[in-house]
Amino acid sequence: MGRGRVQLKRIENKVNRQVTFSKRRSGLLKKAHEISVLCDAEIGLIVFSNKGKLSEYSTESCMERILERYEGYSYAERQRDANDTENNISWTLDHAKLKARVEILLRNQRNFMGEDLDSLSFKGLQSLEQQLDSALKHIRSRKNQVMHESISELQKKDKKLQAQKNLFEKKVKEKGKEKEKEISQQAHWEKQNPLLDSSPALVPQPLQFLNTSYPTTCTEVEEVSSSQEPPNMLLPTWMLSHHN
C-alpha cells in the first residue's frame with residue numbers, strides 16, 4: 001500500500017519531530033540548490049531549528065550580499081507603501097478641503113441671491129452689502145464702457161454713410177450739369193438751324209372749300225363766295241388766279 005497524505009500539524013513526539021526536521025531540511029536545501037542551478041536564481045535560505053540551530057544556504061554570492069539586497073528591496077517597498085498611504089491621506093484631505101470650499105461658495109451664492117440670510121450676523125450682512133455695492137459699481141462701469149463703445153461704433157457708421165451720401169449727391173449734380181449742358185447745346189443748335197424746326201405755324205392748313213360740295217348754279221356760286229371767308233394767304237398764286 002502506498003503512503004497516505006501526511007496531515008499538516010505539529011508533531012507532538014519530539015523524536016519524530018526531530019527526525020522529520022532533519023529530513024525535510026535536507027530536502028529543502030537540495031531543492032534550493034536545484035532551483036538555483038536550473039533557473040540561474042540567486043537564493044538565500046535560512047533555517048532555525050526549535051533549539052536555535054542555524055542552517056543556511058546561499059548561491060555563489062555571499063549571504064551578506066543577498067541580505068543587503070533584500071533589505072534594500074524591503075526598504076523600497078516600505079517607502080512606496082508609505083508614499084501610497086501619504087498620497088491617499090493627501091487626496092482625502094484635498095477632497096475634504098475642496099468639498100468644504102464648494103459648500104462655502106454655494107452658500108455665498110445663495111446669500112448674493114438674497115437667500116439663507118437668517119444665518120448671517122450683523123457684520124456678515126454688512127460685508128455682504130459692501131460686496132454687492134462693489135459688484136454694482138463694477139457692473140455700472142462695464143455697462144458705461146459698453147455704451148460708449150456702441151456709441152463710437154454708431155458714430156463711425158454714421159460718418160461712413162454721410163460720406164457715401166455726399167458722394168452720391170456729387171454724382172447726381174454732375175449728371176444734372178451734363179444733362180443741362182446737353183439741353184443747352186441742343187437749343188443752340190436749333191437756333192442756328194431754324195429751317196429744320198418743324199413748327200406747326202409753317203405747315204399749310206387744309207382748304208375749307210375743298211371739303212364742301214361744288215355749287216351747281218351761278219347763284220349758288222355767288223352765295224357761297226359771299227358767305228366764305230377770304231382764302232388763305234398761303235395758297236399758291238395759280239390757285240388764287242384760277243379762283244378769281
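For this chain, numbers begin at 1 and follow the sequence in order.
- Under the side chain to side chain contact (heavy atoms under 4.5 Å, CB included) rule, E129 has a single partner from L132, D133, L125, which is D133.
- Once rounded to the nearest 0.5 Å, the distance linking CD1 of I66 with OG of S58 reads 5.0 Å.
- Under the 3.5 Å distance criterion, the side-chain polar atoms of S134 are left unmatched by any main-chain donor or acceptor of Q131.
- With hydrogens and angles disregarded, a donor-acceptor distance shorter than 3.5 Å links the side chain of T20 to the backbone of N16.
- Within a 6.0 Å radius of CG in N166, other residues, nucleotides and ligands contribute more than 12 heavy atoms.
- Across T59 and A41, no two heavy atoms sit closer than the pair CG2-O, 3.5 Å.
- Counted within 6.0 Å of OH on Y70, heavy atoms from surrounding residues, nucleotides or ligands total 12 or fewer; the atom is thus considered open.
- Panel note: side chain N144, backbone R140; a donor-acceptor pair is recorded below 3.5 Å.
- Tracing side-chain contacts under 4.5 Å through hydrophobic residues (I, L, V, M, F, W, Y), one reaches L117 starting from F112; they form part of the same cluster.
- Taking hydrophobic clusters as Ile, Leu, Val, Met, Phe, Trp and Tyr residues chained together by side-chain heavy-atom distances below 4.5 Å, L105 does not share a cluster with L128.
- Judged by distance alone, with hydrogens and angles left aside, the side-chain atoms of R17 form a donor-acceptor pair with the main-chain N or O of I11 at under 3.5 Å.
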What's the verdict on salt bridge (charged side-chain N to carboxylate O under 4.0 Å, His left out) for E12 and R10, showing C-alpha distance, side-chain angles and the deciding distance? CA-CA 6 Å; E12 298 295 336; R10 184 174 180 271; 3.4 Å; yes

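- There is a path of hydrophobic side-chain contacts, each under 4.5 Å, that joins F21 to L28.
- Interatomic distance, R110 CZ to M113 CE, rounded to the nearest 0.5 Å: 12.0 Å.
- Proximity of S36 to Y57: side-chain heavy atoms (C-beta onward) are separated by under 4.5 Å at one or more points.
- Under the 4.5 Å side-chain heavy-atom criterion for grouping Ile, Leu, Val, Met, Phe, Trp and Tyr, L67 is connected to L54 within one hydrophobic cluster.
- Under a 3.5 Å cut-off, the side chain of S26 and the backbone N or O of S22 do form a donor-acceptor pair.
- Counting only distance, with no hydrogens or angles, the side chain of S150 and the backbone of V146 share a donor-acceptor pair below 3.5 Å.
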